[in-house]
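Take a look at the structure set out below.
Atom set for the values below is all heavy atoms of this structure, side chains included, hydrogens, waters and symmetry mates excluded.
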Amino acid sequence: FVVLWIVVWLFRDSLEIDKITDKYVFVTGCDSGFGNLLCKKLDRKGFRVLAGCLTEKGADDLKRVAGPYLKTILLDVTNQDSIQKAMEWTKKEVGDKGLWGLVNNAGRSLPMGPSEWMKVEDFHGILNVNMNGVIAMTVIFLPLIKKARGRIVNVASVLGRVAANGGGYCISKFAVESFSDCLRRDINYFGVKVCIIEPGFFKTAVTSLEPLERELHRLWNQLSPEVQASYGVKYLEKFIKVQRLIMNAVCDSDLTKVTNCMEHSLTAAHPRTRYSAGWDAKLIWIPLSYMPSCVVDIGLKLVLPRPAKSV
């Protein structure tokens, strides 16, 4: 029975949609990283790609290496007017066909560090992109997706399963997971499928060590003398060393492991609800998410430095 179930699942998972060249896909965050690579892959496959870029340089660079059917638009997912303008532009592009796919890929990770080091605005900066941006894009574009009975692909993270660091990033990714689950159950009656991508650690701008460390220094410098004393002068140095060790050990340079999951969610006749991309996602983070909280707590205590005035 188990072997039969596996064979049927693999066969079902391999089935693809037809008429790809008639289908439009809108991708956010296409200046670099996963979004940029995905647009190129979908363009080569024959999709009509609509790429939302934050900067003119990002849009120009993408258009130079893509085919004639890929089009770009400047998009700031934190700005309601920018999203509305992108939707009206998309509506004209897709016409009566509707929008087959919306890939909510745009995101930011900084600042990231101990929660006590953050100010309220540090949380809001990330949540506005990673959470509010995903919700706004989805709600505003949903009528076009319903028309095509298409797909919504939301990029979460393994840190949307395991809260391994402070700041707004983990919070936002937990929110993306929850929003996607609620949305999937609400709109499945209309033939719209919602998929969640849960990448592990990959070498992108999000995991680049230089900005991560620069932000940690900024956070440290804005702390009061009392808070700094409670952690100790050596804490920041040790924290950065641990962060370097972890990033160098687990970050994967093969971004196609993520974009292949995104592509499957858009081309499969029966897409999966969740896609875990990366060896660390499958072997570390996803298993940890099913374990008691004390296991993660103990693991982080063993890895991270201890504050000077800890009890």
Mind listing the side-chain donor-acceptor pairs of residues 291-306 below 3.5 Å, one per line with the distance, residues two or more places apart or on another chain?
from, atom 1, to, atom 2, distance (Å)
R306, NE, S310, OG, 2.9
R306, NH2, V311, O, 3.4

What is the minimum heavy-atom distance between L266 and I17, and which atoms define it?
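Here L266 and I17 meet closest at O-CD1, 3.4 Å.
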Could you tell me if [Y] and [X] have a donor-acceptor pair between their side chains, going purely by distance under 3.5 Å?
| X | Y | result |
| --- | --- | --- |
| Q228 | Y235 | no |
| N154 | S180 | yes |
| N130 | S172 | yes |
| N128 | T78 | no |
| Q80 | Q84 | no |

So does [X] pair up with [Y], basic N to acidic O under 4.0 Å?
| X | Y | value |
| --- | --- | --- |
| D181 | R274 | yes |
| E177 | K173 | no |
| E88 | K85 | no |

Say whether, by atom type as modelled, one donor and one acceptor occur between the side chain of [X] and the main chain of [Y] under 3.5 angstrom.
| X | Y | answer |
| --- | --- | --- |
| Y275 | R272 | yes |
| T207 | T204 | yes |
| D31 | T55 | yes |

Point-to-point distance, once rounded to the nearest 0.5 Å, from [atom1] of [X] to [atom2] of [Y]:
| X | Y | atom1 | atom2 | answer |
| --- | --- | --- | --- | --- |
| T72 | D60 | OG1 | CG | 7.0 Å |
| R151 | K23 | CZ | NZ | 9.0 Å |
| I73 | L50 | CD1 | CG | 9.0 Å |
| I140 | I83 | CD1 | CD1 | 5.0 Å |
| W279 | I284 | CH2 | CD1 | 4.0 Å |

May I ask you to check whether F201 and W285 place their ring centres under 6.0 Å from each other?
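Yes: the rings meet the under 6.0 Å criterion.
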Do the two ring centres, one from F47 and one from Y24, sit under 6.0 Å apart?
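F47 vs Y24: aromatic centres not under 6.0 Å.
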Passing candidate, salt bridge (Lys or Arg N to Asp or Glu O under 4.0 Å) with E263, options R44, K40, K45:
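So the option named by the test is K45.
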Test side chain to side chain donor-acceptor pair (under 3.5 Å) applied to K41 and N36, N260, T256, the passing residue:
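With K41 as partner, side chain to side chain donor-acceptor pair (under 3.5 Å) holds for just one option, N260.
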